[in-house]
Amino acid sequence: MTQSPRPEARAPRGFMDRRARDLAAEREILTKVSAVYEQFGFEAFDTGAFEYADALGKFLPDADRPNEGVFALQDDDEQWMALRYDLTAPLARFVAQSWETLPKPFRRYAFGTVWRNEKPGPGRYREFTQCDADTVGSARPEADAEIIALAVAGLEASGLPRDAFVLKINNRKLLNGLLATAGVADEGQKLAVLRAVDKLDRLGPDGVRLLLGEGRKDESGAFTKGAGLSVAGAEAVLAFTAAGVGGRAQTLDRLSNVIGGSAEGDEGLAELVAIDVALTSLGVAQDQAQFDPSVVRGLEYYTGAVFEAELLLQTLDEKGQPVRFGSVGGGGRYDDLVARFTGERVPATGFSFGVSRLASALRAAGRGLGAETRGPVVVICFNPDDMPHYFSVVGELRAAGIPAEVYLGSSGMKAQMKYADRRLSPAAIMLGGDEIAAGQVTIKDLDLGRALSSGVTDNAAWRAERPGQQTIARTDLVSAVRAILEARP
RNA sequence: GCCGCCCUAGCUCAGUUGGUUAGAGCGCCAGAUUGUGGCUCUGGAGGUCUCCCGUUCGAUCCGGGAGGGCGGUACCA
């Protein structure tokens, strides 16, 4: 037999192993957010992990670079398939495929894993869970307003404090109108302007001014080419992005002064007015959803309103540096996505957030599942011959709704106690020869012991005291364990 | 993708001006404690010093390349 080298035990980079604590936090988010979304009339919906690559749009694998951006492989009929990189593209495909039979507008939400084949970074993985809610088939601004209200309600339901985040709203048509007035028609130039504005929070107005004009050299000496706007054009864009201060009505007033005149800009303004009216009657407060012209959302496919859920938390990392959480989710109106399949324009709008990102935001806000996940009641194994007794105990406990297990390792008693301690078990059950003969059980309250152990200095005394330990009639097992659980939930 | 820094035990890091057996703290395992978690003490396991090529009598250390990590920048459906 040939000696093959041992594989290195490690997860692929960008892929995460998650233990009970993280999974519990994510499951809780999923449960609470789903309830809110269903209350808004959105139905649960999911698609498969793979799509045919051409359905995913711009990142078409080719023979040379089949995995650029996505994880792709060839089906046995030679068709390229790719793991979905978001939940919107599969939705567009499904809607195009099922348009005739769907109730319209189609309102759905989805939790699902998505994959991106790109360089991972801190807080950036190649596999993660997204949650999306979308309305397909309504061009009304009220559809956008409902998505915004739903996003606010969903984030709040997940446990994010109301003052820990704000939904920022903008409309692509405003900037398009502004640029049209300034004589910018080139799509590439428009995109460069969007990218420049997107960096406002990081580079500040001066850095963005450079990027709107000729370009900017950063600290490392690298040069980024600018959008090539005139000085007047750049100033107009900057004035526009600075208009988002105060309540929604004030921002609208200020915007109408800055935008003035262009047909597309006026259309965008009118949509924001309608959104404001709807939000107000839906009870979404001024400090929960604001208009902010500096919000961009990089994506090319947005055609109207865009939103971003920004975290306002100020926290410090291990080194004491302030942490910018930035955006926890975003979305907007995309009226052209279904048309890629059908040729027919179908208006759509939606919001999306990353579940693990939200979970870490909740942790930072002190609202995460702080407690470790509790272990089961552990039945100590003294002698394998007595297994039937041990299993009848866990059987009773389980039947009473109490998580329980028999220790099935091979270590001695001390190690078994340590095991139960490490699992954060509430209690250990001891059923040695003596107890079995006497029809009794010994129950050790581990929580009580944990509370007392910090004050103990002498090992012999600690062991002699046996805090929280009681030997009772076997028939009282369940009620005694239940008493321990209820005393310290 | 581009630029910079880094890679020694499970983790955090010492160290060798290139010389036989590479260390610490924490963690892990065991004993002291025949059926008891913490503290303490004692002992133990665990390393091709990231990999490959080169220079050298000799490389964990010097040079080149690759891989991985971190930071910045670009991109981000």
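Sequence lines set the chain letters: A, B, ... in the order given, protein chains first and strands last, and positions in each chain run from 1.
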Query - Spacing of the P atoms in B/U17 and B/G38 (rounded, Å) - result: 42 Å
Mind listing the side-chain donor-acceptor pairs of residues 186-197 of chain A below 3.5 Å, one per line with the distance, residues two or more places apart or on another chain?
{"residue": "A/D186", "atom": "OD2", "partner": "A/G188", "partner atom": "N", "Å": "3.3"}
{"residue": "A/D186", "atom": "OD2", "partner": "A/Q189", "partner atom": "N", "Å": "2.9"}
{"residue": "A/Q189", "atom": "NE2", "partner": "A/A227", "partner atom": "O", "Å": "3.1"}

Report task. Write down the distance separating the C1' atoms in B/C28 and B/U12, rounded off to the nearest Å. Result -> 16 Å
Query raised in the report: Could A/R474 and A/E396 be called an ion pair, given the rule that one side-chain N must be under 4.0 Å from one carboxylate O?
Result: yes
Query - B/U20 versus B/G72 - spacing of their C1' atoms, nearest Å - result: 45 Å
Query raised in the report: Base, sugar-phosphate, or nothing: which does A/Y301 touch, judged by heavy atoms less than 4.0 Å apart?
Result: sugar-phosphate
Report task. For B/G44 versus B/C6, give the span between their C1' atoms, rounded off to a whole number of Å. Result -> 33 Å
Query - Watson-Crick or G-U counterpart of B/U48, or none if no pair lies under 3.5 Å - result: none
Query raised in the report: What is the pairing partner of B/U60, taking Watson-Crick or G-U wobble pairs with both distances under 3.5 Å in any strand?
Result: none
Query raised in the report: Under 3.5 Å, is there an N or O donor on one side and an acceptor on the other linking the side chain of A/R124 and the base of B/C76?
Result: yes
Requested in this report: Using a heavy-atom cut-off of under 4.0 Å over every strand shown, decide if A/D198 touches base, sugar-phosphate, or nothing.
Outcome: nothing
Query raised in the report: What are the two closest non-hydrogen atoms of A/L431 and A/Q440, and how far apart are they?
Result: CD1-O, 3.3 Å
Query raised in the report: For B/C2, what is the paired nucleotide under Watson-Crick or G-U wobble rules, both distances under 3.5 Å?
Result: B/G72
Requested in this report: Could you tell me which residues satisfy side chain to side chain donor-acceptor pair (under 3.5 Å) with A/T47, sequence neighbours excluded, listed by chain and number?
Outcome: A/R84
Query raised in the report: If the C1' atom of B/A59 is compared with that of B/U48, how far apart are they to the nearest Å?
Result: 14 Å
Query - B/G38 OP1/OP2 closer than 4.0 Å to side-chain N/O of A/R450 - result: no
Identify all pairs in which a protein N or O lies below 3.5 Å from an N or O of nucleotides 27-32 of chain B, and state each distance.
{"residue": "B/C28", "atom": "OP1", "partner": "A/R422", "partner atom": "NH2", "Å": "3.2"}

Query raised in the report: Just checking A/K199: base, sugar-phosphate only, or nothing, at a heavy-atom cut-off of under 4.0 Å?
Result: sugar-phosphate
Requested in this report: Could you check whether A/Q469 gets within reach of a base, just the sugar-phosphate, or nothing at all, counting any heavy atom under 4.0 Å?
Outcome: base
Query raised in the report: With sugar-phosphate meaning primed atoms plus P, OP1 and OP2, does A/T88 contact a base, only sugar-phosphate, or nothing at under 4.0 Å between heavy atoms?
Result: nothing
Query raised in the report: Considering only heavy atoms and no angle criterion, is a donor-acceptor pair shorter than 3.5 Å present between the side chain of A/E435 and the base of B/G35?
Result: yes
